[in-house]
Amino acid sequence: MVMYTPYMRLIDELFTHTKIIIDKFHLVQHIPRALNKTQIRLMKKFKKHSRKSKHYRQLFLKYPMLLNTTTYQSTYCFKHLIRQIDILNFLLELSLEFQIPFQTFKTYQAYIENTLITPYTDGPIEGINHKIKVIKRIPFDYRSFYHWVTCHAKHVSSTSKVIKSCIFMIQNLTKPKTKILTE
């Protein structure tokens, strides 16, 4: 399921004994995007610290146990020796806006835990949908989409039966129609 609160509420109301699973693809995609949007907003707000924010944004995505908490290092943006954990704390204290993405994930924490426990994913379906969209979007220099489909249908691998069936369906829909002569 997509991380959209009204859908989740509706599912909770209609199906009381279900566990909601967030789509892993969207979850992995949403985390860096939320942090990047917040970071860009703060760079515009705090021009003085924009370089620090940009240079050290990967620390937000780093596993907490892998952050350097003991060794002081000279860094690019700070004039003094500093640890990675101190850089992260500096950026978090810069504005409360950096904590908004983390609060969002705290509200979805139960759903995220369900996602990590279960083996279900809709990755193959997302991949098939993407391939179909690419096929529909790029007919190259063919004037007729029907001719493009007939030329390229044989190149689709036999393992992707869904894509092949979609191509043949499109092929039948786009076939030039002939008039039936009635007497």
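- Under the 4.5 Å side-chain heavy-atom criterion for ILVMFWY residues, no single connected hydrophobic cluster contains both Leu91 and Tyr72.
- With sequence neighbours left out, the side-chain hydrogen bond (donor to acceptor under 3.5 Å, both in side chains) criterion links Thr5 to Tyr108.
- Hydrophobic cluster membership differs between Leu59 and Leu66, with clusters built from Ile, Leu, Val, Met, Phe, Trp and Tyr side chains linked at under 4.5 angstrom.
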Between side-chain atoms of residues 34-44 and protein atoms elsewhere (two or more places apart, or another chain), which donor-acceptor pairs fall under 3.5 Å?
{"unit_1": "Asn36", "atom_1": "ND2", "unit_2": "Pro32", "atom_2": "O", "d": "3.4"}
{"unit_1": "Thr38", "atom_1": "OG1", "unit_2": "Ala34", "atom_2": "O", "d": "2.9"}
{"unit_1": "Gln39", "atom_1": "OE1", "unit_2": "Arg57", "atom_2": "NH1", "d": "3.2"}
{"unit_1": "Arg41", "atom_1": "NE", "unit_2": "Glu97", "atom_2": "OE1", "d": "2.8"}

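- Put simply, CG on Asn114 and CD1 on Ile20 are 8.5 Å apart, with the number rounded to the nearest 0.5 Å.
- Distance check: Lys19 NZ to Ile117 CD1 gives 6.5 Å after rounding to the nearest 0.5 Å.
- Between Ile22 atom CD1 and Tyr111 atom OH the span is 8.0 Å, to the nearest 0.5 Å.
- Distance check: Gln58 CD to Leu88 CG gives 10.5 Å after rounding to the nearest 0.5 Å.
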Using atom types as modelled, flag every donor-acceptor pair under 3.5 Å from a side chain in residues 78-85 to any protein atom, sequence neighbours excluded.
{"unit_1": "Arg83", "atom_1": "NE", "unit_2": "Asp86", "atom_2": "OD2", "d": "2.9"}
{"unit_1": "Arg83", "atom_1": "NH1", "unit_2": "Thr69", "atom_2": "O", "d": "2.7"}
{"unit_1": "Arg83", "atom_1": "NH2", "unit_2": "Asp86", "atom_2": "OD1", "d": "3.0"}
{"unit_1": "Arg83", "atom_1": "NH2", "unit_2": "Asp86", "atom_2": "OD2", "d": "3.4"}
{"unit_1": "Gln84", "atom_1": "OE1", "unit_2": "Lys62", "atom_2": "NZ", "d": "3.2"}
{"unit_1": "Gln84", "atom_1": "OE1", "unit_2": "Asn68", "atom_2": "N", "d": "2.9"}

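- With Leu14 as the partner, the side chain to side chain contact (heavy atoms under 4.5 Å, CB included) test is satisfied by one option alone out of Ile11, Asp12, Thr16, Leu10: Leu10.
- The distance from atom CD of Gln29 to atom CG of Asp23, rounded to the nearest 0.5 Å, is 9.0 Å.
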